[in-house]
Structure formats: structure tokens, C-alpha cells
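What follows is a short report on a single structure.
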Amino acid sequence: MNADFLLKIDALSVSFGGVKALENYKLSLPPSRILGIIGPNGAGKTTLFNVLTGFIRPDSGHIHFNGQEITRWEPYQIARLGISRSFQNICLFGKLSVLDNVIVSCQIHERTSFLSALSKTRAYKKNEKALREKAWKLLCVFGLEKHADRRAMTLAYGDQRRLEIARALATAPKLLIIDEPAAGMNPNETQDLLDLILKLKEKFNLTIVLIEHNMNLVMQLCEYIQVLNYGRLAAEGLPLEIQQNQEVIDAYLGDTNNAGSN
Amino acid sequence: MSHTAYFFQQFINALSLGSIYALVTIGLAMVFSILRLINFAHGDLMMIGSYSILMLWNAGVPVWMAILAGIVLCGIAGVIMERVCYRPLRGSAEMTTLLTSFAVVVLLENGVTLLFGPNTRPFRILNFTSPTFSIDSILISKIDVISVVLTLIILLLTTLFIKKTTIGISMRAVADDLTASHLVGIRLNRVIVSAFFIGSLFAGVAGLLWSARAGKLYPLMGFIPVVKAFVAAVIGGFGSIPGAVVGGYVLGFAEVFLVALLPPELQGYRDAFVFILLIFILLVRPQGILGAKTMQRRI
Amino acid sequence: MPKQISMLTMVMVAAGLLMITGIACADTVKIGVVENLSGSQASLDQPSLNGVKLALKEINDAGGVLGKKVEILIRDGKSDPATLATVTEGLMDQGISAVTGLSDTTMVLASAPAAQRAGIAFVSSGATSPSLPNEVGDSLFIEPFGDNVQAAAAAEYAYNDLGARSVWVLYDKAMDYTYLLQRYFCDRFGGLGGAIISKATYQTGDTDFRAQITSLKAKTSLPDILFISSGPDDIGTIVKQVRDMGIKTPIVGGDGYDTPLLGKVAGPTAATDVYFTTHVALDSIGAKPFVQSYKKMFGHGPENGFAALGYDAFNLIINAVKNAGTTDPKAVKAALAATKGFKGVTGTINFPKGIRVPQKSVSIIKVEAGKFIFVKEVMPSEIPAP
Amino acid sequence: MNKNKHALYLMISMGLFFCAVYLLDAYGNHYYQRVSNLMMIYVILTVSLNLSNGIVGISSLGQIGFMSIGAYVSAILTLPPGLKEHWLTGLPHWMSTIQSGLFPAMILAGILAAAIAFLVGIVILRLQGVFAAVTTLGFLIIVKVVAENWMTVTRGGRGISSLPTYTNLWWTSAVAVITVYVVLRIIRSPYGRSMLAVREHDLAAQSIGINAPRIRLLAFVISAFFTAVAGALWANLIGVVSPGSFYLWLTLLIIIMMVVGGMGSVTGSVFSAIGFTILLELLRGFENKIAVYGISSIIFAIVFMLVIIFHPDGVMGDREFSWDWFKRITPLF
Amino acid sequence: MLEVTDLEVFYGNIQALHGISFKVEKGETVTIIGSNGAGKSTTLLAIAGLLKPQKGEIKYLDKHLDKLSAYQIVSMGISLCPEGRRIFTSLSVYENLLMGAVQRRDKKAVRDDIHWVVSLFPDLKDRLEQQGGTLSGGQQQMLAIGRALMSKPKLLILDEPSLGLSPMLVNQIFEVIAMLKNIGTTVLLVEQNARQALEIADRGYVIETGMITMEGPSSVLKNSDRVKSAYLGG
């Protein structure tokens, strides 16, 4: 059954000191889809991402990815298997150059022997050159090549966001997880981002999971949406269904007694 | 000496030694909880306290006056240290301030060596150590009683202070959440200065007891106590005042009983065992014996 | 802006330092003095330097040597072997006739090879390891007697005069001197038929010895004496704590006890029934002029035995310069090696041919109520091999 | 092309450097030789400390412990057999009959220290920040305590003396050049990029597949290797090793050199180690002139505090020396 | 009462605010709405003195706040209840409230005010000795507001008070805000929960990517399509 789904999560629960951050969460995600996860702040969305990428150990539940159980793997193992992520608050390697941020990510599947690095063998040089070119190409996709030599921390905000996604993509993932990519972007930038994500999905044949508050983006981008509230799945469905689901509107807008005119 | 008497004598030794460690540790932990600064110069504050007391006494000041004035001077020295050495670095990485405190150690130890000479000086201001009473060949000296009682009194006062006074509660608030403390209008500098002042007063008291116990003082006397106090602080749970006291006693007991129980050829390894204990505790229970388990925010 | 200012200040300080570092030159007899004036060894070496300064003043007040004034070049080794080696090396081309200083064997071993290479005599004022000169070479002389001599003297005195048949030993494991002293003592004491009931150790810098002392108390029977091998900074505290714990057994030790700290730290009641071997009793008649001049010059009496040793080591060198009739280091070295009957504060020094450890008699001192009382001068009948 | 030109500059400067080494070694006076030897040893120590503390961001205060291990291993190996049998009775028989030269001693010292670093690292590198700092300080103290107590192998507090003084300027400068080369190569290799990534953001690094604990351990082990080699050179330079030699003063000295040079800048460490060695000698001259001993340590501490207050990233930050930059400050070139 | 003009704030090289201007008149309730990362919290932190703006000015009762430290701003009568509550978790509820009044010298009045706050939030009544960290999210939010009230502010600033709360609790919080408004407290309310915030406020500002994009009376904003689209998509 796992074969049909790239990612399958069963009965996942996490709690912090008695507070349930995620409770009995389920997901079956077929390949090449874009899933959106929405919900109020503190609903457990980022916790879910952290569990998925190995940064937080779940209390119970199972995560299968590409037919393998990855529930208690280390983050770097999960990354090598093909899940890559961006962070809600940008986590770049600030002092490294933009290009190096991507190269360091590209090299994930390379095995360089220590001695060849010291003696600069021909194969090593070739390999380094290939890495550079690969990273450069990726930067071009994101339009960041003109900043390649700048330190990542000196980039403008929007560029930093895009660099994060570029870095995540450089590991050649099957599943890309993006945490609030449009936070702090203006409508134009958001539109560009939307186009970019669609382009990436096509170009790299990606499956994408997205957390986002910007409804425009979510509704236009996602093929399927899950709504989290208080760590539980409040609703899931197609974008249109979600948009009209009164429960979702209430949960998301916290609007009950002045039942909205919408 | 019977086995029981032997055990109890070592117990008294440990209790007395542990009290002094606890005193040093309280001051260290107080500053750490607020500034996240491991002040390695805390031991040198002890040294400054002892020197002040000795110098005042040599100058003819009555002994109790000299002690009080010396301890207060020690407190002032702590405040000056904060103002001159640590305030310009406020907000720097923990490692930066840690290294700076090492530089302060070099500065103070060499400075005092230049001023007063490198030599050990006798410190017989309070000749506390003569045994006062004995129970079944177990000797208890004045300094044992004074160390334990003083430590408990200071623990009690400190606890009252941080529970009941505005500035005490402010200290806990700052340790808890710096941003929120700013927002409610706590004057951070005032809190930090108070913490340094009080911590340094304790260092002064600890310096007095340490010197009285050894009967001497010298410019480099501060480093060993501060390293031990750090170990004690980690064992007890860094930042927690009762933890500091527990850690001090655990360390005192560990040191005394390691010497008591180890065969002579291994006694020399005592400090190695103490540090292995420290590493072990850090790995098994990083928050220390009494430290609260904080939720680790990883991202 | 503060950045630039700080950088500028640093550059200026560096430039200023460069200018000051010129070499002063005059027609004088130059003697190098290498001591650890800062760091952990400073409390041993500072008094030694004071002794040197006193000797220097006396010599120059008396008109110098060979008609020239004497000048000392002082270097601080910071209690760090690498620094010590460097500063000693730096002295070698300064036109000096000999070098003196240092109270610790390890430190001498780091410093003296430079002098050995340059062929300049190095007289260690305070290191007492008898094997030291052979480890470095023909340039190294030690001024005090070897530890084996004083330890044997102590053992013989304890066995014969105090009637001791068993001993408990406490020593500082971090020091060469304390280790050797107790080892030689145990050799000789055992050789005489005495029993070593057990040994305990501590580390330099410890201030609490009660755990060790309590374990001594727990022994079924107390030994006849305690041999406590300790440096001058620790002995007062140890004696105090031993007595405070109610142990009245006689305490025996070496020249590390030769400091007023013993009486002052331990106090008169505790500093009683303590015996030690040393170079000279500082309150003996022979040492009186030295002690008085020292007091006059520094405002206080000698801090420990190293003051007198530093004083003697320097005079020993000047004596050799006088005998050589020249400031040439080779000649001074030869003259040193031929020293006969040099009378110093710490005894009469002879260097037997090829042996650069003086054969001196050992003074036994008894401490009563904090006062040092000269007992007798002994020459041990049998000395353990270095 | 620029690149060839830079290679040429590098070759010329290396040539000049080794010419200087040759001249100093053959004709220089012992004092300058000694200072230069120590300078090179400090370069090795500072650069290798920078690898663990600056490049990969471990807060280690215990590197000098590895230096101590290296110095002792070399001392035990190079001590003449006669003395060995006499002093180090705890050694196995075969070991007390051989006397090794400097090179094998250096390598063995490095390997043993690296092995110990591996074991220690597994435990200590799980801690972070000040806790790592103080635990590594604990490691330093443990090494000292063991050296003081393991009488039959280390000769206790007395230390091992009468070591052959094999070390000369050729050895120290060659090892220094090799250390700098290796560390620079590591930084520019995939390993180095991973190390920097781990320093910059541990979690983000893991999220792109870097095994952060392993990378940290690798840096720690390599750093320990070179530190121990420096220790071996030190032992056979000074001729005597004792537990107290490798302790706080040296720890502080090396850390200050690294911080002032710039954490993360290898060339910064090189310049800083050279500069501070010279500064210390100048200060010593000053100290001897005014006869206030200990003032040089005080000035040293103040310089460090000023730099850390006004230049918290050190003089070079985490940038490396480059010829372009060199050209800009020396227009004549 | 509070006037912010052309405020620009950078985090390192990233510009978070691109010239924000708004004002709050005495007795008004003003809301600033906007999505995550739009710069709402940044603006508030700058007002509270925790961030130093690179450009622009903040005037309060005709005095400049830009150069003042946080505690001086509190002493002038501005109180910020921060996002994410940030109560002192290791302090008791009582001590938390006490800390809110840390600058006040009138001990007796402070005690009275603690009773007043407890009467506003009856949930806290039985928990005065309980550690702040053991409270539930809603109780923590009430405590945070209560603590902010303890300094007797002339201007109360609330940063996302409804964050992560259940609808019932959100209502309770908004009732308290309405009550404060009624007794004449000037309130600056920053919210993601646009509709309810506009319901209670007199005027509102919409902030997007560090800029004020809309402003006007609540009634106008409430019915604006743009506001709707920003919050519901479509």
C-alpha cells in the first residue's frame, strides 16, 4: 500500500511537557502533489515539519517515506533519503557565500576521500568543478546568480527566502517541505514565488508540502489542503471545499459570536 | 578511632568543605543565571576580599570592622568589574565573555602580585580552626560550625531575598525572560549590578572562610575555588540557588570521600574523578540535580 | 571611530616598546638572574631575587669586583618553561659572566640547557635535586645541598635522636622536590630499619588536608613521627590542620619548612614539636647580619630559605669572578668548579672535583611554639644515591 | 592570468620564507632561533585550535591537553633508553629499549592524541557552548592530573627531562607550513564547507544531510592531531616536559592569539601568532627596562580585552589573506 | 498621543519596516492588522524601546521615545503585552503581576491593583501562588495582559492577544479589551484576527511587508474587499 504514497503518516502524536502539540495526525500523500497545511499560529504545523524531518522525536505514530519507515531517523539521514526543507525563520549559513550555501547542499550525495581533498587529485578537482556548475545552474533558476559571491546574510529578505529553497532543492529531494515561504513578502513577490514553486515542481518532479498563511498563495498553489487546529486535523479537502468550510473559517479567524457575513 | 567515628569525622570534614564550596557557588550561579556569564574572576573576588580584610586589619582596624569593610569592598570590586569589563560586552556570545573573564583573571592575579608581592601571607584573623568540642573522638572545630551555619543563613537570606524583595523577583524575572523584563520596565543594569554586588559579597565571605581555614592567602588563591564552584554549579543545576548549595555539598563530599576511600596511590587522581563525575552528570542530567528541565527549543 | 583609536593606540604602544628596548652598555660585570617573578612559582623565586639584590647592593657598596661595578640582568620566566628557555637564551649574548636563579628542578631543566650550550655557568640557587647537574652538564652548579643529603640527615636524626621506628608520609605529588625528598627519606629511614606505615598525597594549591589526616587518625596505632614533604607555602596550613585534628605526633620535614610562615600560619600552639633539616638556621648567629640587612632593605625578614640561597648563590658567583680575575664566562666557570671553602650564610661550600653539588653539613632545627631552635649540625653517615 | 600570478607570488614568498629559515638556522643567534621556533609552534597550535573552535565552532578550552599528550608521547619515545629504564619503569620492555627519532615520535604523538580526541569527542561534543568549554577545561585538568600521578610512565610532577633537542627551525617551520596547508585545503574541500555550515547553523546543516556530530568530531580529531604534533616539537625543543607546562597560561595564550586573529581565519591565526610572539618579546624588553615584572601579562590581557570590545570578530574576522587584498595595501607591488 | 512617523528598522541588512506612519489619539482604540512577517511586532518593539529604528521618529505626548531605554518608556505610561505572552514561567502568578508594577512605589495600591486584575480574570484568582509556566495558554495570555495593566499604563499595546487561543477564550480576551476601552484606556491592538479586531477598534491600519497599505475607520476596513482577500483568499 505504501507504494502508492510517497509519504504516509499514521497516528502521529507529539507532546511537550503535557501540552499536546500534535495528536493522532494522519497523512497519505501521493507523489507529485502540492499539499498545503494551514491553521492558526500554534496549531502544530511547524512541529509536524520538525517531526517529519527528524528534529523532534514523536511520542507515537509512524512515518513512511518512499516505502521506508523513517520514524526515528536522524535529520541528516532523512535529508539524504530525499526529504528537504526550508525553515520558518530563515536559517541560512549567513557567513558563507550564496554559492557555497548551495554547493554545501549539492555535495550531500558525493563521497570525497580525505586524502584526495588534501592532494587535489584530478578527479577531486573535476568533482569540485561539477559541484560548482550544478550549484550555479540552480542559482540561475532562482535568479540569484548575480549575488553568488555575496555572503548570504547580506541578501535582501526575499532573496534569502529563495536561497533557502534553492539550498533545500540542491539536495535533489523527492519531497520538498516549505515553511511559510511568503511570510513578509509583498503581493508581487508572492506572485513570483508562486510561479517559481510551480516551475520547480515541474522541472524537478517534486512533491511539495507547504505551510502558509497567505491564502491567495495556498488556494492557487495547493491541490489538497489540511487544516490543523490545536494539534488535530480540523479538516482536509480540496481548496474549494476548505474555503467554504464554516468550521475552517471559524477556526482560522477565531470568529464565532459575530458570525461573519461571508 | 572506631569505624563509625571515622566515617563521621570525614562527614564533618565534607560538610565543612562543602559549605565553602556552596558559598562560592551561590555567587557564581547568581551572576550566571542573569547574564549567562561564567565569571572565572569570581575566585579572584574572594582573593580581593581576603586581601582587603588582611590589609585593613594590618592597618589597625578592629577585626570585625575589617571583616565587614573587606566584604563590602569585595562587593564594590565586583560592581566595578561588571562596569569596566563586562558591560561593554553585554550581548556578546557566551564564549566571548567567558574568555574575557579569563583575561580578567590574568589582570587581577598579576595586578595583585605586583601590588602586594607574590608571597603567601599568614591569615590568622579569626583563629577559628581550633577544635571546640568533640564527641567520641570526632572533632568539630569552630570553622566547621561557622561554615555550615553561615552557609545555611546565607541560603535562607538569599532565598528570602529572591522570593520577597522586588529586586530579588526582578532577578528571577531577568533570568527567566530578558525581553519581557525590559517590557515590564525592569531596569536591567540595576538588577545586574545588584547581582554582582551580592554575589561578590558572598565571594568575600567565602574568601574569609577559605583563608581562615587555610590560615593563609596568596594572589593565585582564587582559581581553584572557582573551578570547583563551577563543577558544583553544574552538578546542582546552573542558575538555581538551592542547586548551588546542593552542588557544593555533593562536591565537598565527593572530594573528601574520594581521598578517604581511594588507596593512597590513587588519591592523587581525585580531581580527575571529580571532573569525570561532572561530565557524567552533564550527559545524564544536563540540567543538574535541582535544575528545572527546560524545554529545548531547537528551531 | 573607537576602532581606529584602539588600533592606533596599539600601534603606538608597539612602536614605543621598540624604542625602549635598546641595550644599555657600560663597563660592568654582568650577571644574569633568571627567576619566575610572576605565576605559580613567584612565591619561591621572588625571595631568591631579593637575596640577589641584597648581595648586589653589598658588593657594589664595597666597590664592586675587579674594580668594576656589578650589574644584574633580571629576566622573568612567568613560571612557564617555554618562556624561561627563551629568556635564558636571550641573556646569553648580553655579555654576562654567569647566571643564577630558580628554585625548582623542572624550571632549571628548561632554562639551564641554554647556558650549557653557551658555555656559561648557571648556579641554581634553590633546586635541590642532586642529579640535576649531571642531567644538564658541566655548566650547571647547585648551591644548596642535594635532597638526598638532607633527607638522609632527617632520617638519621629521626631514627637515632627522636627514636622513631615508624613513619607516616604525606607529600605533594605535583612537585619534584617534595617527591624526591620523601623518597630519599624513606630510603634512608627504611635502611635504618624504620617502618613506613603508609603514604598519602596532595597537590600544590590544596588547602584542605583533613581527609588525609583523618585517615591517619583511623590507623590502629599512630606512627612515631609524620614525615611531611611540602613546599613553603603549604606547610603552615598542613601543620595547623594536623594539630587541629588533635595529632601531637612529632612532624619532620625538609628545607621547605624554613619559612616564618610555618610559625605564622600554624600559630604557636600548633607549630610545636616540628623538626626540619635546612641549610642554616636563620636566627643563628652566623645568619644574623644577613637577616638584619634583609630587613633593612625590604622592610621584612626573609620570606623563606630561598632568600638566603639566592644571596649565597650570587656571592658564590662573585667569589668565582674574583678568583678568576676576569669576567670571561669560561674562566668564571672554571673558578666556580674549583670553589673551596666559600663561606656563605647557608654554610660552607666546596665543590669536589667533577661534582657540582656542594658538600655541606645539614642543620637540624626544632620548632617550639613557633620559634625555630637550632639543634645541631649533622653530616649523614650514609647518603642514598641520587 | 591572475591565478598563475598568485601561484607565482606564493612560490616566491615560500622561497623567501625558507631562505629566511635557512639563514636563521645556520647563522642566527640562539635567542632568535628559539623565538622563531616558538613562533612556529604557536602558529601550529593557533591554526589547529582555529579548526576546532573557529571553523567548526566547538567551544574547546582543552586543546592544550592534547598538546600535553603529544609532548609526553614524544618525550617517552625519544628519551634515551638508559634513562628510560631508570625513570619510566612502567613502560613495556620493548619500549624502554628503543629510542625513536623526532619524526616517528611526532606522528605517533599525533595519532595517539587523535585517538584520544575521538573518544573524548564522542562524549564531550554532545555538549554546547559554555558547558563544552568547561568540560573541555575539565579534560585539560584530567590530563594534568594523570601526568602528575602516573609516576611509572610520566615520572609524575617531576616531568621527563634530558630529552634530545631534535627540534630545529626546519622542523617547526615545515610542520607549520604543512599545518596551514592542510587546514586551508580542508576548509576549501567539501569537508570544510560542511564544517562551516555546521558552525553557521547546526540544524540547517543537518537538514541538508550533513552529519553534524561526525563533522564536528572530525575537526576535533584533526585539530588534536596537529596540536599534539606541536606538543612533540615543543618537548624536543625545550628538552623537558612537566605537567604544569601545558596548562592555563598556554591555553589562554593560544585562545587569545586565535580570537585576535579572527575565529575562522586561518591566515589571521598565522599573522596573529607571529604578531603576538613578537609583541610578547617586545613587552618583555619593556618589562625588563622598567623592572616591573608581570606587567607584560597585564598589558597582554588588556590588549585582548580592547580587541574583543572594539573588534569582536578579531582583526581578520573570518576572511582569509588574499593577494588582491595584499596588492591594495601595498601599491608598489 | 502616540505618533509614529516614517519608521524604518533593519535587522542586519534586512529592512523590516519601510517607513511606517500612524497615530493613536487619546482614548482611542486603534488596531494594526497584517499577516505573519509583515512587520507588526517589529513596529511595537521599536515603540517599546527594544529595537533602535534607523530612521523615523516616535513621539509620545510630544516627547521623543527613540533615544529612551525600555524602562524609561514604561515609566512614561506605555505598556506592551508582547506576542507569545512571554510571562515569567518560573515566577508565580502573583510575582508576575508584581513585576508588572516593578516601577511603582505605592505598595498598597499595587496590592489593590492585583485584586482588580484578578477580578478581571477570575481564572487567575485561585492560582496566584501557581508557577506561571504551569498555566494553560489562555490563562497565560490573561496573565500577560494583567501584567501589562499593572503598570497603570496610559497607552496599552497588545500584540496578538488572541494567538493560539480557543474561540471562547478569544471572546473573553476581547471582552476585557472592550472593558478597558470603556474605562478610557488608550489601546493599540495588533492582530491577525482581523475581523474581531476591527469589530472592537475605532480605527485601523493594514500593514503589509513593512508598509502601511490601508488605513481608515474600522467600519470601512471591515467591508473592504482587500482586507477580506488578504485573510481568506479569493
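All chains are named by letter (A, B, ...) in the order of the sequence lines, taking the proteins before the strands, and each is independently numbered beginning at 1.
- With 3.5 Å as the limit, one finds no donor-acceptor pair spanning the side chains of B:Thr97 and B:Thr100.
- With respect to chain D, the highest number of heavy-atom pairs below 4.5 Å among B:Phe40, B:Phe273, B:Phe102, B:Phe230 belongs to B:Phe230.
- In this structure, B:Ser50 contributes its side chain and B:Gly207 its backbone to a donor-acceptor pair below 3.5 Å.
- Only the side chain of B:Val227 has a heavy atom closer than 4.5 Å to any heavy atom of chain D.
- No other option in D:Leu248, D:Val259, D:Ile302, D:Val292 has as many heavy-atom pairs under 4.5 Å with chain B as D:Leu248.
- The parts of B:Leu99 that come within reach of chain D are both its backbone and its side chain, each placing non-hydrogen atoms under 4.5 angstrom from that chain.
- Of the possible donor and acceptor atoms, none in the side chain of B:Thr96 sits under 3.5 Å from a partner among the backbone N and O of B:Ser92.
- Side chain of D:Thr154 to backbone of D:Ala147: a donor-acceptor contact under 3.5 angstrom is found.
- No side-chain donor from either of D:Ser48 and D:Gln63 sits under 3.5 Å from a side-chain acceptor of the other.
- When the candidates B:Leu114, B:Leu98, B:Val234 are compared by the number of heavy-atom contacts under 4.5 Å with chain D, B:Leu114 comes out ahead.
- Within the 3.5 Å criterion, the main-chain N or O of D:Gly264 finds a donor-acceptor partner in the side chain of D:Asn50.
- Interface remark: D:Val143 contributes no atoms to any contact with chain B (heavy atom separation under 4.5 Å).
- Contact annotation for D:Ile308: both backbone and side-chain heavy atoms come within less than 4.5 Å of a heavy atom of chain B.
- When each of D:Ile309, D:Leu137, D:Thr251 is scored by its heavy-atom pairs under 4.5 Å with chain B, the top score falls to D:Ile309.
- Only the side chain of B:Ile38 comes within less than 4.5 Å of a heavy atom of chain D; its backbone N, CA, C and O stay farther away.
- Remark: the backbone N or O of B:Leu258 is not paired with any side-chain donor or acceptor of B:Gln267 at under 3.5 angstrom.
- The part of D:Leu61 that comes within reach of chain B is its side chain, from C-beta onward, which places non-hydrogen atoms under 4.5 angstrom from that chain.
- Side-chain atoms of B:Asn189 and B:Arg90 include a donor-acceptor pair closer than 3.5 Å.
- Contact annotation for B:Leu282: both backbone and side-chain heavy atoms come within less than 4.5 Å of a heavy atom of chain D.
- For a residue to count as touching a neighbouring chain, one of its non-hydrogen atoms must lie under 4.5 Å from one of that chain's; by this rule B:Leu266 does not touch chain D.
- If you measure heavy-atom distances from B:Thr113 to chain D, you find no contacts under 4.5 Å at all.
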